[in-house]
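Report on the structure given below.
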Amino acid sequence: MWWRGNQLSGHCRSLFAFNRRRLSGIRNPVTKTLTKWDPEIAAEIARRHAGKEGALLPLLHDLMHEFGCVPDAAVPIAAEALNLSRAEVHGVVSFYHDFRREPAGKHLVQLCRAEACQARGGDAAAARCEAALGVAFGETRADGQVTLEPIYCLGLCASGPAALLDGAPVARLKGERLERLLAEAQR
Amino acid sequence: MTQRLYIPGDAAAVAVGADQVAAALAPHAAAKGVAIVRNGSRGAHELETLVEIDAPQGRVGYGPIDVEDVATLAPVLFDAGPHPKRVGRPEELPFFKKQTRLTFARCGVIDPQSLDEYRAAGGMKGLEKAQSLQQAALIDQILQSGLRGRGGAGFPTAIKMKTTAEAKAPRKFVVCNADEGDSGTFADRMLMEGDPFLLIEGMAIAATAIGAYKGFVYIRSEYPHAIRAMQKAVETARKAGYLGDTFDIEIRVGAGAYVCGEETALLDSLEGKRGQVRPKPPLPAIQGLFGAPTLINNVLTLAALPFILTEGAAAYKDYGMGRSRGTMPIQLAGDIKNGGLFETAFGMSLGELVNDIGGGTQTGRPVRAVQVGGPLGAYFPPSYFDTPFDYEAFTAKDGLIGHGGIVVFNDTVNMARQARFAMEFCTVESCGKCTPCRIGSVRGRETIEKIMAGEDVEANLEILTDLCNTMKFGSLCALGGFIPYPVMSAVRHFPEDFRACARALEPVG
Ligand SMILES: Cc1cc2nc3c(=O)[nH]c(=O)nc-3n(C[C@H](O)[C@H](O)[C@H](O)COP(=O)(O)O)c2cc1C
Ligand code: SF4
Ligand code: FES
């Protein structure tokens, strides 16, 4: 798997680092401060899902929202709340791209690498992102400033190249618009 | 009535600055007593942000508007005055005039979060009709319409409904597949953002047909705006009594796995498991979510039901050709001038869609290839442009229409690289259940790389062909089974890209 799994290898920052992540709007941000890992809070979140059918994905999404990742320490907590084995929970966490074991950098750039964006100059945008951010796809920069990841289609395929910057969609990423995105990601 | 200013809240508009345009226009609108509506997108993505103002002659549009345009736009906007970016009445633009909008009739037009506006525009009449019919008569209406699944496989919807309806079980589910992972597609997203009550109505009709007490909408996490729009609309529909005691809907969010669009993998994901494909039988219609009979359909399939019930099966069936009845929301993407959503009856030729409607490439370069039907769809050369947009016509040419996405590539594309990408995509997205897909795609990529490097080209092309045959016939689901379509179509139609290693090594950008 060439873009998955080892997103943070070699560039791990403290799992307990605070991490501010903007949740929507490039210039109109709603900032949510991610919470420092806390097993009590995690257990409280997990309990909210107990008794619901098929609750594991919603539970893991809530943990992501709170902590910016699903650390290994969360696995037994989720398992206990939903009456699952640790192996089952671990299997699910590792199957889906969205669930990261450690938090991403201060900014997260997810550039679309799927076909329609390729046809609109996506390869050039990808090369520019790597060069300007000084980081390869699937990695977080050593200073923790930015994580660059590929993503496969955002439904903005007639306005590509497209990306999510800290979860907010941005498109027509050429020339000045791309440079603005790169500047935001390094702020 | 208060004059209204429409600024789309659709992700394709927001991604190019619609929120900033709205913020900049807000004080001007307030000063004039004009209300701002965040409508869906009409679907001409080149024109986003398309700002529209109520005027005596109807709505007048300006686009594409950037926040920098607001200074010159604001003084003329409220009288629909002249401006270099004035496009006139959107309905009169050729891109819209040539469409037949049955499913997307309201998208981009009404306030998507207003249930009152939805009802005033004819909404919920289909559900009333459905509830007045016996189950069998209701399913018969859908059968008569000729509706086939819009998620990719084109399976007759009424047959699935009948099986689920006849299954005896204490509880049944309706599941809406909103995983829309295919590159080049965005119709599900636009509909959920631009007319969410239509999907809710469609699901309620389906629930009536099969006797389901609960529905799930499984939306991919890459669609944050659609998730929010659906959550809000479900809340509103619940308050208004359309959802609740007899049938309720829950929004669930995917977690970034393409294979979860496959219906049985989706069900496993909803159950909180790894999204792995289940062998069939049992069919989901007999034993689906949590072991209960489950009707699973694409967003567009469910969203077609209200029209069929309101206007009658014959009205729907009148559109289309052969066994492809009704309309298809086609998505024009990639290097295309007029990209976006184009809903039309089945039967329009591929060339007409790309050249006449789409206006050819945006870059002005010649079209070299189009991929229809997402990452599992074939690449067609322009010599195939006479193919009508129809399930059977595409199958006859070893292609598929899938979810209706058309991605246009210009002459700088390197088809060996596209074939390699298809194999890579399969490796990464494989659920891992069967060997031909999991291992075959890795071998496939290696083989294509050898070909690109000019190593034993003919022998390796033969190996690739064999491998594709093994994947086609030995895979459990269409991910491994259909990846041979893009790969082999590239080999067949663009042989020069596989035999000229010099060209294959050129970077494309
Ligand atoms: C790998 C793979 C991905 C798929 N992705 C989707 C998808 O994103 N959306 C969808 O509606 N159907 C998708 N399908 C098709 C579904 O399995 C299924 O046929 C469809 O949901 C049935 O609904 P319909 O009859 O309304 O088309 C996919 C199939 C495969 C094999
Ligand atoms: S073909 Fe691939 S994705 Fe489909 S079931 Fe087999 S391994 Fe899973
Ligand atoms: S292919 Fe990039 S947004 Fe769809």
Side-chain angles (χ1 to χ4, degrees), chain A residues 1-4 23-28 52-61 64 82 84 88-89 91-92 94-99 110 112-127 151-160 162-164 167-172 177, chain B residues 11-12 14-16 19-20 23 45-46 48 180-186 188-190 221-226 252-258 269-275 289-290 331-336 339-340 362 371 375 405 407-410 413 418 421 424-425 427-429 507-509:
Chain A
M1 304 226 264
W2 50 287
W3 64 61
R4 205 176 276 175
L23 292 178
S24 71
I26 271 206
R27 262 157 285 157
N28 190 15
K52 272 199 275 174
E53 270 184 311
L56 186 52
L57 263 70
L59 186 161
L60 295 173
H61 275 304
M64 282 293 301
L82 301 188
L84 299 166
E88 277 172 289
V89 176
V92 169
S94 60
F95 183 84
Y96 296 96
H97 306 202
D98 283 6
F99 303 135
Q110 296 170 295
C112 175
R113 301 295 289 117
E115 291 91 335
C117 282
Q118 290 169 14
R120 294 179 64 92
D123 288 353
I151 198 164
Y152 291 87
C153 195
L154 300 165
L156 305 170
C157 327
S159 332
L164 293 178
V170 274
R172 293 189 194 139
R177 287 189 57 84
Chain B
V14 171
V16 295
D19 286 350
Q20 287 75 42
H45 290 173
E46 248 343 273
E48 296 297 356
E180 199 168 56
D182 290 359
S183 166
T185 67
F186 39 77
D188 297 351
R189 181 186 65 65
M190 279 181 58
S221 61
E222 292 86 345
Y223 283 180
H225 287 75
R252 286 285 180 96
V253 179
Y258 177 74
S269 185
L270 271 179
E271 291 181 4
K273 303 178 188 151
R274 296 160 70 95
L289 187 62
F290 305 118
Q331 298 126 89
L332 302 170
D335 187 8
I336 192 157
Q362 189 189 41
Q371 186 178 29
V407 177
V408 179
F409 291 81
N410 65 35
V413 71
Q418 296 311 120
F421 176 80
E424 273 172 359
F425 186 76
T427 309
V428 171
E429 298 298 343
V508 186

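Chain letters run A, B, ... following the sequence lines, proteins first and then strands; every chain starts at 1. Please read all numbers here as calculations on a predicted model, not as lab measurements.
Interface remark: of the candidates B/M190, B/E222, B/E180, B/Q331, B/E222 forms the most heavy-atom pairs closer than 4.5 Å to chain A. The greatest number of non-hydrogen atom pairs below 4.5 Å with chain A, out of B/G405, B/G339, B/A15, is found for B/A15. No other option in A/C157, A/G160, A/C112 has as many heavy-atom pairs under 4.5 Å with chain B as A/C157. Per-residue heavy-atom pair counts under 4.5 Å with chain A were compared for B/L270, B/D188, B/L332, B/D335, and the maximum is reached by B/D335. Most heavy-atom pairs under 4.5 Å with chain A: of the set B/P224, B/S221, B/G181, this distinction falls to B/S221. For the options B/G272, B/A333, B/G184, B/A255, heavy-atom pairs under 4.5 Å to chain A are most numerous at B/A255. Looking only at heavy-atom pairs under 4.5 Å with chain B, the residue among A/G91, A/A162, A/A114 that has the most is A/G91.
A pairwise comparison of heavy atoms in A/S159 and B/H45 identifies OG-CB, 3.9 Å as the closest pair. Between B/V253 and A/L57, the closest heavy-atom pair is O-CD2, 4.1 Å. A pairwise comparison of heavy atoms in A/C153 and B/S183 identifies SG-CA, 3.8 Å as the closest pair. Residues A/A119 and B/V407 come closest through the heavy atom pair CB-CG1, 4.3 Å. Across all their heavy atoms, A/A158 and B/G340 have their closest contact at CB-N, 3.8 Å.
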task = Dump the intermediate steps for side-chain contact (heavy atoms from CB on, under 4.5 Å) on B/S269 and A/F95, then the final yes or no.
result = CA-CA 10 Å; B/S269 185; A/F95 183 84; over 6 Å; no
inquiry  = Test side-chain hydrogen bond (donor to acceptor under 3.5 Å, both in side chains) on A/Q118 and B/Q418; report intermediate values, then the result.
reply    = CA-CA 9 Å; A/Q118 290 169 14; B/Q418 296 311 120; 3.0 Å; yes
query = Yes or no on side-chain contact (heavy atoms from CB on, under 4.5 Å) for B/L289 and A/E53, after CA distance, side-chain angles and deciding distance?
reply = CA-CA 10 Å; B/L289 187 62; A/E53 270 184 311; over 6 Å; no
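Applying the ring-ring contact (aromatic ring centres under 6.0 Å, His included) test to B/Y258 and every residue at least two apart in sequence or in another chain returns B/F425. Residues satisfying the ring-ring contact (aromatic ring centres under 6.0 Å, His included) test with B/H225, not counting sequence neighbours, are none.
With rounding to the nearest 0.5 angstrom, the CZ atom of B/R252 is 10.0 Å from the NE2 atom of A/H61.
Side chains of B/R274 and A/S94 form a contact here, defined as non-hydrogen atoms less than 4.5 Å apart.
With a 4.5 angstrom heavy-atom cutoff, A/I151 touches chain B only via side-chain atoms. At a 4.5 Å heavy-atom cutoff, the contact between A/E115 and chain B is made by backbone and side-chain atoms alike.
With hydrogens and angles disregarded, a donor-acceptor distance shorter than 3.5 Å links the side chain of A/Y96 to the backbone of B/G275.
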